[in-house]
Amino acid sequence: MQKVYEDVENDAGEVTRYRKHANGRGYVALKATAHPTAYVEANAYVEPGAELAAGCWVGAGSWIDRDAFISAGAFVGSNVHIGQSAIVGRGARVGSGSRVADGVHIGDNVRVGRDTRVNSDKLGAEATKAA
C-alpha cells in the first residue's frame, strides 16, 4: 500500500507532515503515535506528540492536539477538540461537538455529553457527570 502524506503549514510558517492512518484513513502527524488498532476516521487530525492507545476511536473532523493522550478503549465523537496535553481516560466517551481544554484529565469511564465544554479551571469536574 502506498503511503499518503499531507503537509500543513500554520500561521507561523511551521510545516507539519501527516500520514493517513491505516485504520480509518484519518491524518496522524509523523511525530505522533497511533496504535494499529486505534481507529481514526477520515478528516480527523492527530498532532505531533499525541498518543492514541489500542482500541480507541477518533471521530470524523476531530482534532487531537499536541501531547494529548487518548487511552485504550476511549471514544472521541465527531468534531471534537481535545486540547494540548489533555488526557482522555480508559473507556471514557467524549460526545460529538465537545471541547476539552488544554491539560484537562478526563477520568476512566467518564461520559462527556454532546457539545460540552470542559474547561481547565474545572479540571474535568463537569465531565464527571454521567451522561
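A quick note: this is a predicted structure, and the numbers were derived from the prediction, not measured.
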Q: Are V110 and V104 linked, directly or through other ILVMFWY residues, by side chains that come within less than 4.5 angstrom of each other?
A: yes
Q: Give the cluster check for F75 versus Y39: same hydrophobic cluster or not, with ILVMFWY residues linked at side-chain heavy-atom distances below 4.5 Å.
A: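 Cluster IDs for F75 and Y39 match.
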Q: What is the minimum heavy-atom distance between A92 and I106, and which atoms define it?
A: CB-CG2, 4.1 Å
Q: So, the side chain of N79 versus the backbone of G97: is there a donor-acceptor pair under 3.5 Å, distance only?
A: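 Not at all, since once roles are kept as given, no pair shorter than 3.5 Å links the two residues.
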Q: Taking all non-hydrogen atoms of both residues into account, name the closest pair between A53 and S71 and its distance.
A: CB-C, 3.6 Å
Q: Keeping the roles fixed (side chain from S96, backbone from S78), state whether a donor-acceptor pair exists under 3.5 Å.
A: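 Pair found, side chain donor or acceptor close to backbone of S78.
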Q: Does the side chain of E6 come within less than 4.5 Å of Y27's, by heavy atoms?
A: yes
Q: What about the rings of Y45 and W63, do their centers lie closer together than 6.0 Å?
A: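 No - the distance between ring centres of Y45 and W63 does not fall below the 6.0 Å cut-off.
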Q: Is S98 reaching over with its side chain to a backbone N or O of V80, donor-acceptor style, under 3.5 angstrom?
A: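 Side chain of S98 to backbone of V80: no pair is present.
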Q: Kindly compute the distance separating NZ (K31) from CD (E47), expressed to the nearest 0.5 Å.
A: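 Reported value, rounded in 0.5 Å steps: 12.5 Å.
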Q: Decide whether a cation-pi geometry holds between R17 and Y5; the criteria are a distance under 6.0 Å from NZ or CZ to the six-membered ring centre and an angle within 45° of the ring axis.
A: yes
Q: Looking at A38, is its backbone amide N or carbonyl O close enough to the side chain of N23 to form a donor-acceptor pair, meaning the two atoms are under 3.5 Å apart?
A: yes
Q: With side chains defined as the heavy atoms from C-beta onward, is the minimum distance between R66 and T16 less than 4.5 Å?
A: yes
Q: Where is the tightest heavy-atom contact between A29 and R19, given as atom of each residue plus distance?
A: O-NH1, 3.0 Å
Q: Please give me the minimum heavy-atom distance between G83 and A68, naming the atom from each residue.
A: O-CB, 3.7 Å
Q: How far does NE2 of H35 sit from NE2 of H21, to the nearest 0.5 angstrom?
A: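 Those atoms lie 9.0 Å apart.
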